Protein chains: 2
Amino acid sequence: MTGVQNGEASKAVADGPARRRSATATRAALRTAAAFRFGKYGYEGTSVRDIAGDVGVDAALVYRYFGSKEALFNDVTGAGKIFEPLLQEPVEAIPDWLCAMLLGAPKDGDFTHPVLSVLRSSGRDEAVARLRADFSEVFSTRLAARLGGPDADLRAELLAAWMLGTSLVLTEIRPPALRSAPDDKLEKYLRSVIETLLGPTACDGVTPQVGEVD
Amino acid sequence: MTGVQNGEASKAVADGPARRRSATATRAALRTAAAFRFGKYGYEGTSVRDIAGDVGVDAALVYRYFGSKEALFNDVTGAGKIFEPLLQEPVEAIPDWLCAMLLGAPKDGDFTHPVLSVLRSSGRDEAVARLRADFSEVFSTRLAARLGGPDADLRAELLAAWMLGTSLVLTEIRPPALRSAPDDKLEKYLRSVIETLLGPTACDGVTPQVGEVD
DNA sequence: AACGCAAGTCAACGATTGATGACAACGATC
DNA sequence: GATCGTTGTCATCAATCGTTGACTTGCGTT
């Protein structure tokens, strides 16, 4: 929108040059481009013309297909609960899943954390409210129920907060030590925190001790 | 900017009705209002007229006093390193300081986490770069040096990530269990994580065990 | 080949944005 | 009380925003 950020179309369009005259393909391409733009520049920082330009299409199509800029934003940020995949795992596998997700986080600058996408686009009260609702339902209720033990809801929320912060720092800040640390060493530290928050029952055996890594 | 958010002037102007004809007072009021707006709505979500309107002054004054909207933003987000206060504490007091800071986080919606203020205003590459630099200098370098032990830089960054995530969830998401938990119970959980990341040497005595709180 | 609908373009609208420079009101100094 | 620099206002600019409706182009059907 400011004219400085260009050449992102290659990232967003994601398919070959011959996609013309296909409504579903254009819709999908618009959604992809919108997710990328909204995530990177926020709601106010993204113009409808930017999104359409990424796809190589006129801005008016956004209104034909989605109705309004806000509807497109809600469509993109609301598609599928953000935190949902965590709950597909059996309880014992949650630490493994968390580690895999955090270690697998893209370390280049082109990725934007989906939670940050919403948080970044403030003023969008509906999206923030939905984020809050998602968070509470997934962590405070469902994950807590599966965790069990005392203060399960509190522990679940604290675990979520830790995960969110770690993920955010890994993908957005990318500080030197975290970026250069080998996966196995980093994983030991991650697991020690997970175990602390989840309680010993959720971990699968040994208790890694901070300070005796490597 | 959208015209929906009004009546925030009382929060930002912060001084009595008789402040006219004082350049320094007006400058300060503009800065306060700008910090509030930028924090809550992001850079693109805030207009110069919004800020000036909060102070009850014409938008042209922003340009007289700060030169441009971007200069005002940099002035506001760059004043004082965001993470600096942490380093003023002696090493042994860091857990106490962290707990106090997290427990003292405002739980109403009018506060915006300063880190989120910057993250929310993306596209402002200079501000994001400064955030990154601040983070690395404070945590990866200076805090790590004071922590000592193996992987001090890594542990410092992980601690910072945890702190950021917890602070963010406390102030922005405000999930039910975290909001209603009594301070002393919450503190026990916080300390157990801090101890895990900082190592036993940094904690002052007993080892609180998750699961036997209350 | 002609038709008709769907996909995409185009030009334009009113509003708002960041920014500028000329102008008016205030308050101290002489 | 006239002077003068400071403080604040006003009108306005060009650009860009979201959005709309009329238009053109392509493609499958008959």
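We use all heavy atoms of the structure for the numbers below, so side chains are in, but hydrogens, waters and symmetry mates are not. So that the names make sense, note that chain A is the first sequence line, chain B the second, and so on, each numbered from 1. Since we're looking at a predicted model, the values are computed, not measured.
- Side-chain polar atoms of B/Tyr189 and A/Asp151 form a donor-acceptor pair below 3.5 angstrom.
- In this structure, B/Ala60 reaches the bases: a heavy-atom distance under 4.0 Å links it to at least one base atom across the strands shown.
- Counting any heavy atom pair closer than 4.0 Å across all strands shown, B/Phe66 reaches no nucleic acid atom.
- Distances shorter than 4.0 Å separate none of the side-chain N or O atoms of A/Tyr63 from OP1 or OP2 on D/dT20.
- For C/dA7, the OP1/OP2 oxygens have no side-chain nitrogen or oxygen of A/Ser22 closer than 4.0 Å.
- If you check C/dA7, D/dC10, C/dA19 against the side chain of B/Asp58, the one that comes closest is D/dC10.
- B/Arg155 contributes a side-chain N or O that, together with a main-chain N or O of B/Leu198, makes up a donor-acceptor pair within less than 3.5 Å.
- The B/Arg64 side chain lies nearest to D/dG8 when the options are C/dA19, C/dG8, D/dG8.
- Across all strands, B/Ala59 comes closer than 4.0 Å to no nucleic acid atom at all (heavy-atom distances).
- Annotation: side chain of B/Pro95 is not in contact with side chain of B/Glu195 (no heavy-atom distance under 4.5 Å).
- Residue order along DNA chain C, read from the 5' end via each residue's closest nucleotide, puts A/Thr24 first among B/Arg49 and A/Thr24.
- Listed candidates were C/dG18, D/dT20, D/dT19. Nearest to the side chain of B/Val48 is C/dG18.
- Contact between the side-chain N/O atoms of A/Thr26 and the OP1/OP2 oxygens of C/dG8 is found at a separation under 4.0 Å.
- The closest side-chain heavy-atom distance from A/Pro176 to B/Glu157 is below 4.5 Å.
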